[in-house]
Asker: 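Questions regarding the structure given below will be posed in turn.
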Amino acid sequence: AVLTGHLAPQLSGLERAGALAGSAILARRSTVATSQEGGAVVPDTVQVEYRARTGIHSRADYERMYRHSVDDPAGFWGDIAAGFVWERRWAPDHFSYNLDLQSGRVSTRIFAGGRTNIAFNCLDRHVEAGRGSQPCFLWEGNDVGQERKMTYGEVLQEVCRVANWLKSVGVRKGDAVAIYLPLICELPIAMLACTRLGAVHSVVFAGFSADSLAQRCIDCRSRVIITASGGMRGSKRVELKQIVDAAAKVAAEKGHKIHKALVVEHPAAPRGKCPWARGRDVWYGDAVPAQQATCQVEWVDAEDPLFLLYTSGSTGNPKGVVHSTGGYMVGAATTAKYCFDLQPGDVYWCTADCGWITGHTYLAYGPLLNAATNVIYEGVPLHPQPDRMWQIVEKCKVRTLYTAPTLIRALEAQGDTWVKKHDRSSLRVLGSVGEPINPRAWRWLFEVVGERRCPVIDTWWQTETGTVMISPLPGAWPESPGSATLPFFGVVPVLVNDKGKELHGATEGILCIKQTWPAAIRTIKGDHKRFEQTYFSTFKGLYFTGDGCRRDDRGYYTITGRVDDVINVSGHRVGTAEVEAALAAHGACVEAAVVGVEHKIKGQGIYAYVALAQDEEPSEATRKSLIAAVRQHIGAFAAPDVIHWAPGLPKTRSGKIMRRILRKIAVNADSELGDVSTLADPSVVQAIISMRVTQL
Ligand code: WT7
């Protein structure tokens, strides 16, 4: 029972396939919404409001703009970019790219020749336009009652102070700065302070372990880190500073010294209770308020790097995804505006942490570029009670709520009463991201949370794409539960078969992207070859996404999940190879193989097969210590849900692990194992199956 107790029962094929089945049910049950082409639509009165705001009145309007964006990307994006502040305008032939390895180096250059600064466009531009006293951040602490309001003017001053401190410790344009903070206002402020100087931030999610943090600091050679004395997640303390100290030690052992750590005082660990390295550590409260509240921006080239964000793939160490300035700025602002119908002053809440790409693009940059009022919540959704999120929606009068399927499922499981206790009449747009949203969660969001009044914007994109790629636009066309529907402006999705042949019409295949787009990944830090290999060597001339996808006869795209060995746990990408390496580094383990399995709340859970060394016991203590090893190497969110003792792993004669078989065994689908005769040792399959119940 312990083995599979918290794993989800398999969803039916229909439920999983989703879109059409879901929308039909919705249309039948709905009395308010009208149904069109089997899709779900919000009432006409609501649509009128969106259309007046976005100027997109129909799918035909969209098609026209979309055509323009892909036929003349230089003109389309140039017109939009003209609404931002540039120190120098881009060259007329600014939009160029090569995605074909055989035609030389893979590259994307947009707004080439132009010079700008994204922090200036997020803050100074709005303050100069008279928005200085508009709230920029509405922060809610982990505990009820902890709150902080910062206006655009105040954020600008604080960003300048932090930037001046960074300068005072020698940070210059192009330097990498690590940020390891809980979700407090200082997190986006630190990002913007780096940006103001043209320094490249590398935010590391505060759930990553010391080893992971060290590895990331070494990889991009960041010598300065901005952190906090501690943090709170629900009722759990997070010992942030201790983790930073441990990371600095690991880095030092590998020859990389962290020179300065700026430490924000967090109530979870007051001064005196926080470990301290004299000479290296500096209290934020001592250093930052003493700085000047103005700081000249550093104008940078459009193609200068803006930030680095590490993400996992199916093989090797995490990759430092590099995004550049101009294209990312224009892409982030434009997607945020159209997908979330965002206008200056709108109250907007993205529940993601800045440690992930969603927090970069749709908590920090996108909303600020649109002069929105941003809700930031430090804590966890069910703390102290399951209505915390709805209480924040009511209190802050949130208009757009952008969240993740895993969270929606967790909240749905608490029952509707928690939601209905709070006034949600301010809500207009509901967004989802991170993993395929199952139609059941979609319907709950649409019907219960949004009272059938708010479009559900299911946005598909990736760390590498920088911005939303496939997504509905509110009110513009009928949504379909589980479907991301149509490509955003400038995005050309194609479906190919496993030979790379492009498929047309209603079909299913591997999702690739044909042209480049403004916020496209520019390279992998320090390894352009790996960048080319990972994304452009699978199919000639195409960006390979790693996702499977279906296109229906409406042209709607429905993502079916990863086709590679990447696991999506609660919307967080976990590389199988990394988890396997962490397990294999444990003395008790000879070999490990990891697969993803469906999980009721997390979307996917981590299922690990472990072959033990001869003298090791398959005991509860060994199991715990293996899981602890993964926590230590990667972080708690990557901890395996199940350890399945295996006498050996199913391998081909050339030594390749056959995960297909392991995926089936993990879900008890023993009858669907298929042909195992090509295995080097077919008997291993039965041996693994026989260990299933006796493992603990
Ligand atoms: C992978 C990217 C983009 C921000 C969060 C995750 C999956 C993302 C959706 C969606 C189905 C989705 C894909 C993708 N994914 N959004 N709306 N529907 N799947 O960023 O860590 O870079 O992961 O998340 O598999 O490839 P990430």
Side-chain angles (χ1 to χ4, degrees), residues 16-19 22 203 205 207-208 308-314 318-321 323 331-332 335-336 339 350-366 402-408 430-439 441-442 445 456-472 479-488 491 493 510-513 519-521 524 534-535 538 543-550 556-576 578 596 602-604 635 637-638:
R16 206 184 148 79
V203 182
F205 171 59
F208 277 107
L308 272 165
L309 186 60
Y310 286 84
T311 191
S312 298
S314 46
K319 308 175 278 252
V321 171
H323 281 291
T335 47
C339 298
C350 166
T351 63
D353 191 285
C354 282
W356 309 102
I357 191 68
T358 308
H360 280 64
T361 310
Y362 299 109
L363 191 156
Y365 293 114
Y402 189 30
T403 187
T406 183
L407 224 137
I408 297 162
L430 299 167
S432 170
V433 65
E435 50 173 320
I437 179 166
N438 49 310
W442 194 103
L445 190 62
V456 172
I457 307 301
D458 177 8
T459 61
W460 173 84
W461 58 296
Q462 309 177 301
T463 304
E464 294 87 341
T465 70
T467 50
V468 168
M469 299 293 275
I470 304 181
S471 163
E479 281 120 39
S480 195
S483 175
T485 73
L486 299 172
F488 192 73
V491 176
I510 299 162
L511 178 64
C512 294
I513 312 290
I521 174 176
I524 288 173
T534 309
Y535 305 108
T538 320
Y543 168 81
F544 169 67
T545 66
D547 280 311
C549 182
R550 202 173 48 243
Y556 284 13
Y557 291 86
T558 297
I559 309 298
T560 52
R562 301 289 302 196
V563 295
D564 55 7
D565 292 327
V566 169
I567 305 180
N568 191 322
V569 182
S570 304
H572 302 324
R573 226 200 276 189
V574 177
T576 42
E578 280 173 73
K602 298 197 272 190
Q604 280 193 303
F637 65 91

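Order of appearance sets the numbers: ligands from 1, and atoms from 1 within every ligand. What you see is a predicted model; the values in this text were computed from it and never measured.
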Asker: At a non-hydrogen distance cut-off of under 4.0 Å, which region of I357 contacts ligand 1 (side chain, backbone, both, or neither)?
Answerer: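 Within the 4.0 Å criterion, I357 contacts ligand 1 through side-chain atoms alone.
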Asker: Consider every N or O of D458 and every N or O of ligand 1, then say whether any pair is closer than 3.5 Å.
Answerer: yes
Asker: So is there a nitrogen or oxygen of T463 less than 3.5 Å from a nitrogen or oxygen in ligand 1?
Answerer: yes
Asker: Just to confirm my output: which protein heavy-atom neighbour is closest to atom 14 (C) of ligand 1, and how far is it?
Answerer: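 So the nearest neighbour among protein heavy atoms is D547 OD2, 3.1 Å.
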Asker: Answer whether the closest heavy-atom distance between the side chains of M469 and F488 falls below 4.5 Å.
Answerer: no
Asker: Report the nearest protein non-hydrogen atom to atom 6 (C) of ligand 1: residue, atom name, distance rounded to 0.1 Å.
Answerer: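 Answer for atom 6 (C) of ligand 1: G571 O, 4.0 Å.
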Asker: As an exercise, identify every atom of ligand 1 less than 4.0 angstrom from a heavy atom of N568.
Answerer: 7 (C), 24 (O)
Asker: To the nearest 0.5 Å, what is the distance between CD (Q604) and OG (S570)?
Answerer: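 Going from CD on Q604 over to OG on S570, the span is 10.5 Å.
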Asker: Return yes when G546 approaches ligand 1 closer than 4.0 angstrom through a heavy atom, no otherwise.
Answerer: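 The answer is no: ligand 1 sits nowhere under 4.0 Å from a heavy atom of G546.
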Asker: Has Y362 got a side-chain atom pairing as donor or acceptor with V468's backbone, closer than 3.5 angstrom?
Answerer: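 Looks like yes, one N/O pair under 3.5 Å.
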Asker: Identify the protein heavy atom lying closest to atom 2 (C) of ligand 1, giving its residue, its atom name and the separation to 0.1 Å.
Answerer: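 Residue, atom and distance for the closest contact: W461 O, 3.7 Å.
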Asker: Is it true that a side-chain atom of N568 and a backbone atom of G434 form a donor plus acceptor pair closer than 3.5 Å?
Answerer: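 Checking the backbone N and O of G434 against the side chain of N568, a donor-acceptor pair under 3.5 Å is found.
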Asker: So which heavy atom in the protein is nearest atom 1 (C) of ligand 1, and how far is it from that ligand atom?
Answerer: R562 NH1, 4.0 Å
Asker: Within the 3.5 Å criterion, strictly below it, is a donor on T459 or Y402 matched to an acceptor on the partner's side chain?
Answerer: yes
Asker: Just need the protein heavy atom nearest to atom 11 (C) of ligand 1, so name the residue and atom and give the distance.
Answerer: P436 N, 3.1 Å
Asker: With a 3.5 Å distance limit and no angle check, can you tell me whether T576 reaches the backbone of D565 through a side-chain donor-acceptor pair?
Answerer: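 At least one qualifying donor-acceptor pair exists.
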Asker: For atom 7 (C) of ligand 1, what is the closest protein heavy atom, and at what distance to 0.1 Å?
Answerer: G434 O, 3.3 Å
Asker: Under 3.5 Å, N or O to N or O, is R573 touching ligand 1 that way?
Answerer: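 There is such a contact, yes.
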Asker: Would you call the rings of F205 and H572 parallel, tilted or perpendicular, taking 30° and 60° as the class edges?
Answerer: tilted
Asker: Got a donor-acceptor contact below 3.5 angstrom from the T406 side chain to the G571 backbone?
Answerer: no
Asker: Going by the atom numbers of ligand 1, which of them fall below 4.0 Å from some non-hydrogen atom of T358?
Answerer: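 Atoms satisfying the 4.0 Å criterion: 4 (C), 5 (C).
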Asker: Would a distance-only check, ignoring hydrogens and angles, find a side-chain to backbone donor-acceptor pair under 3.5 Å from T403 to S432?
Answerer: no
Asker: What atoms in ligand 1 come closer than 4.0 Å to a heavy atom of T459?
Answerer: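 The list of qualifying atoms is 9 (C), 10 (C), 16 (N), 17 (N).
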